[in-house]
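Note that these values count all heavy atoms, side chains included, but never hydrogens, waters or copies made by symmetry.
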Amino acid sequence: MAHSFVPASTSSGAPAGPNQPDLNSDAVWQARADLAACFRMAARYGLEEGICNHFSALVPGYDDLFIVNPYGYAFRELTASRLLICDFHGNVVSGEGQPEATAFYIHARIHQRIPRARVAFHTHMPYATALAMTEGYPLIFAGQTALKFYGRTAVDTNYNGLALDEREGDRIAGAIGDADIVFMKHHGVMVLGPSIAEAWDDLYYLERACQAQCLALATGRKVLPVDPAIAEAAYRQMREGDPESARLHLASIRRTLDVEEPGYRD
C-alpha cells in the first residue's frame, strides 16, 4: 500500500553556505524527540497501519522545512535521529532515506498552503476510519470527549485514490478549510495542530471519542446528541485549557517511554 517517493529535484543534502539551516539546535532536537515519542505511543495504542501512516511537524524556526517519518519503518521503530527533515520540493536535507510518497504529497502541500498547520498527523486509526466509511457526518457530538471537537471538524467527501502527486495534495489541503480535524471519506483522518503536543492530544482523544461512538452504535439503541448550546459551552470550557493539558499529556507519555522505551530519544 505504501509507495516510495522520488523527488522531481535531483539535489540532496543541506544547502551549502551561510544560509544553511541550523538543524542541530536544542529546539530542533526537542521537536524530533517529541515527534518520536508520538510515533512510539501511537504504535502502542494501535493507531498506525503498517508502514503507511505519517506524522509531520515544521522545523522550529523554519517555515519551509518539515520533519517526517522515513519510508519503510513502522511507528514502533522510529527514533529522533531516524526522522527526516525535508523541504517542500522533496529534498531530504537531514536524515537517511526518503519520505513515503503520499506522506510527501499530502504533508508538504498542507504545510505550504495552510501556515497555521504547524503539525499534521495522518492515520488510518480504526474507530475514526470506520466512521469515515459510514453514511453521513462521521462524528456525533453525543459524548463529552467528542465535544472537544465541536465545530472543529470537516469531511473530505471526494476520495480520489492515493495522493501520488501535488494536485491531490492541493485538493486535500483545499478541503480542510478552517478545520483542525478532517475525516477523509473511505480513507482515514488528518489532525492539524499548532504544536506537536496539541496534535497528539487531539489524535488520542479523537480516537477515544470515535471508539465510544462505535460502541454506543453497536448497542442498536439511538445515540442522542448533546444539545447544541451545551455542546458549544462545553467545547469552550475544554479549549480554554487545551494547550496546557496537551503539554502535560505529551510530557506524561515521554516519562513513560523514558522508563520503558528510552531508545526513542536516540
Side-chain angles (χ1 to χ4, degrees), residues 37-49 53 55 75 116-117 119-157 159 172 175-254 256:
C38 293
F39 282 117
R40 291 293 185 98
M41 197 57 73
R44 287 191 177 205
Y45 292 149
L47 307 185
E48 89 286 27
E49 187 170 62
N53 295 171
F55 296 171
F75 280 12
R116 65 182 175 81
V119 181
F121 285 4
H122 170 60
T123 76
H124 303 162
M125 54 191 189
Y127 291 100
T129 300
L131 294 180
M133 295 162 58
T134 60
E135 182 180 11
Y137 205 88
L139 194 58
I140 302 171
F141 297 104
Q144 178 169 285
T145 302
L147 301 184
K148 175 177 169 64
F149 307 105
Y150 190 79
R152 301 175 59 207
T153 63
V155 181
D156 176 11
T157 60
Y159 177 70
I172 293 171
I176 290 171
D178 296 328
D180 299 322
I181 310 298
V182 184
F183 285 90
M184 305 165 79
K185 282 287 189 178
H186 316 292
H187 186 177
V189 292
M190 178 72 70
V191 173
L192 308 180
S195 69
I196 293 171
E198 289 173 82
W200 166 256
D201 198 60
D202 277 349
L203 187 80
Y204 172 80
Y205 284 111
L206 178 65
E207 182 69 346
R208 294 288 291 180
C210 292
Q211 181 181 15
Q213 180 174 315
C214 287
L215 291 171
L217 290 169
T219 68
R221 300 167 68 178
K222 184 177 181 179
V223 176
L224 301 176
V226 175
D227 177 87
I230 296 174
E232 172 73 18
Y235 152 77
R236 293 190 180 280
Q237 289 175 324
M238 293 182 190
R239 290 296 282 166
E240 285 178 3
D242 257 359
E244 177 64 5
S245 178
R247 183 188 69 79
L248 294 172
H249 188 184
L250 180 57
S252 75
I253 71 168
R254 287 201 57 171
T256 299

Engineer: What's the spacing between I253 CD1 and R40 CZ if we round to 0.5 Å?
Structural biologist: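 It comes to 11.5 Å.
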
Engineer: Over all heavy atoms of both residues, which pair between D178 and R116 is shortest? Give the atoms and the distance, please.
Structural biologist: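 So the two residues come closest at C-NH2, 3.3 Å.
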
Engineer: Please determine whether the number of non-hydrogen atoms from other residues, nucleotides or ligands lying under 6.0 Å from atom CZ of R221 exceeds 12.
Structural biologist: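 No - once you tally the heavy atoms of other residues, nucleotides and ligands closer than 6.0 Å, there are 12 at most.
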
Engineer: Does L250 reach the side chain of C38, with side-chain heavy atoms less than 4.5 Å apart?
Structural biologist: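 A side-chain contact exists here, since the closest heavy-atom pair is under 4.5 Å.
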
Engineer: So does R254 have more than 12 non-hydrogen atoms from other groups sitting under 6.0 Å from CZ?
Structural biologist: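 Atom CZ in R254 is crowded, with more than 12 foreign heavy atoms closer than 6.0 Å.
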
Engineer: Would you say the side-chain atoms of E207 pair up with the backbone N or O of A128, donor to acceptor, closer than 3.5 Å?
Structural biologist: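 Here the side-chain-to-backbone pair exists.
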
Engineer: Would you say T134's side chain and L131's backbone share a donor-acceptor pair under 3.5 angstrom?
Structural biologist: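 Yes: the side chain of T134 pairs with the backbone of L131.
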
Engineer: Quick one, H249 and Y204 - any side-chain contact, counting heavy atoms below 4.5 Å?
Structural biologist: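 Yes. Closest side-chain heavy atoms under 4.5 Å.
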
Engineer: If you compare all heavy atoms of I140 against all heavy atoms of A146, which two are closest, and at what distance to 0.1 Å?
Structural biologist: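 Looking at all heavy atoms of both residues, the shortest contact is O-CB, 3.9 Å.
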
Engineer: To the nearest 0.5 angstrom, please state how far the OG atom of S245 sits from the CZ atom of R239.
Structural biologist: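 The OG atom of S245 sits 11.0 Å away from the CZ atom of R239.
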
Engineer: Side-chain contact, heavy-atom cut-off 4.5 Å: D180 with E198?
Structural biologist: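 In short, these two side chains do not touch, never coming nearer than 4.5 Å.
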
Engineer: Can you tell if the side chain of R236 reaches within under 4.5 Å of the side chain of E232, non-hydrogen atoms only?
Structural biologist: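 A side-chain contact under 4.5 Å exists here.
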
Engineer: Locate the shortest heavy-atom distance separating F149 from L139; write the atom from each residue and the value.
Structural biologist: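 Closest approach of F149 to L139, heavy atoms only: CB-CD2, 4.2 Å.
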
Engineer: Check whether any side-chain heavy atom of D156 lies under 4.5 Å from a side-chain heavy atom of M190, and answer yes or no.
Structural biologist: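 A side-chain contact under 4.5 Å is absent here.
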
Engineer: For A234, does its backbone N or O pair with a side-chain atom of Q144 as donor and acceptor, under 3.5 Å?
Structural biologist: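 Between the backbone of A234 and the side chain of Q144 there is no qualifying donor-acceptor contact (under 3.5 Å).
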
Engineer: Please answer whether the main-chain N or O of S252 pairs with a side-chain N or O of T256 as donor and acceptor at a distance below 3.5 Å.
Structural biologist: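 Answer holds: yes.
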
Engineer: W200 and A42: which non-hydrogen atoms are nearest, and at how many Å?
Structural biologist: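 Answer, listing the atom of W200 first, then A42: CH2-N, 3.7 Å.
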
Engineer: Can you tell me how far apart CD (E135) and NZ (K185) are? Round to the nearest 0.5 Å.
Structural biologist: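 Going from CD on E135 over to NZ on K185, the span is 8.0 Å.
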
Engineer: Distance from R247 atom CZ to D201 atom CG, nearest 0.5 Å?
Structural biologist: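 If we round to the nearest 0.5 Å, R247:CZ and D201:CG are 12.0 Å apart.
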
Engineer: Fit a plane to each ring of Y137 and F141, take the angle between them on a 0 to 90° scale, and name the class: parallel (under 30°), tilted (30 to 60°) or perpendicular (over 60°).
Structural biologist: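 Ring orientation, 0 to 90° scale: tilted.
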
Engineer: Please report whether the ring centroid of F75 lies less than 6.0 Å from that of F55.
Structural biologist: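 Yes, close enough.
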
Engineer: Would D202 and R152 satisfy side-chain contact (heavy atoms from CB on, under 4.5 Å), going step by step from the backbone distance to the final call?
Structural biologist: CA-CA 11 Å; D202 277 349; R152 301 175 59 207; 2.5 Å; yes

Engineer: Evaluate the side-chain contact (heavy atoms from CB on, under 4.5 Å) criterion for residues Y205 and M238: first the C-alpha distance (whole Å), next the side-chain angles of each, then the deciding distance (0.1 Å), finally the verdict.
Structural biologist: CA-CA 12 Å; Y205 284 111; M238 293 182 190; over 6 Å; no

Engineer: Any heavy-atom pair between the side chains of I181 and V189 that's under 4.5 Å?
Structural biologist: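 Heavy-atom side-chain distance check fails, nothing below 4.5 Å.
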
Engineer: Specify the closest pair of heavy atoms between I176 and V182, including all atoms of both residues, with the distance to one decimal.
Structural biologist: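 Heavy atoms of I176 and V182 come nearest at CG1-CG2, 3.7 Å.
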
Engineer: What I'd like to find out is whether the side chain of Q211 reaches to under 4.5 Å of the side chain of M125, using heavy atoms alone.
Structural biologist: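 They are not in side-chain contact.
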
Engineer: Hey, does Y235 have a side-chain heavy atom less than 4.5 Å from the side chain of V226?
Structural biologist: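 They are not in side-chain contact.
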
Engineer: Counting only heavy atoms not in D227, do more than 12 fall under 6.0 Å of its CG?
Structural biologist: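 Atom CG in D227 is packed in, count exceeds 12.
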
Engineer: Grab the two heavy atoms, one from A132 and one from G188, that are nearest each other, plus how far apart they are.
Structural biologist: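 A132 and G188 have their closest heavy atoms at CB-O, 4.1 Å.
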
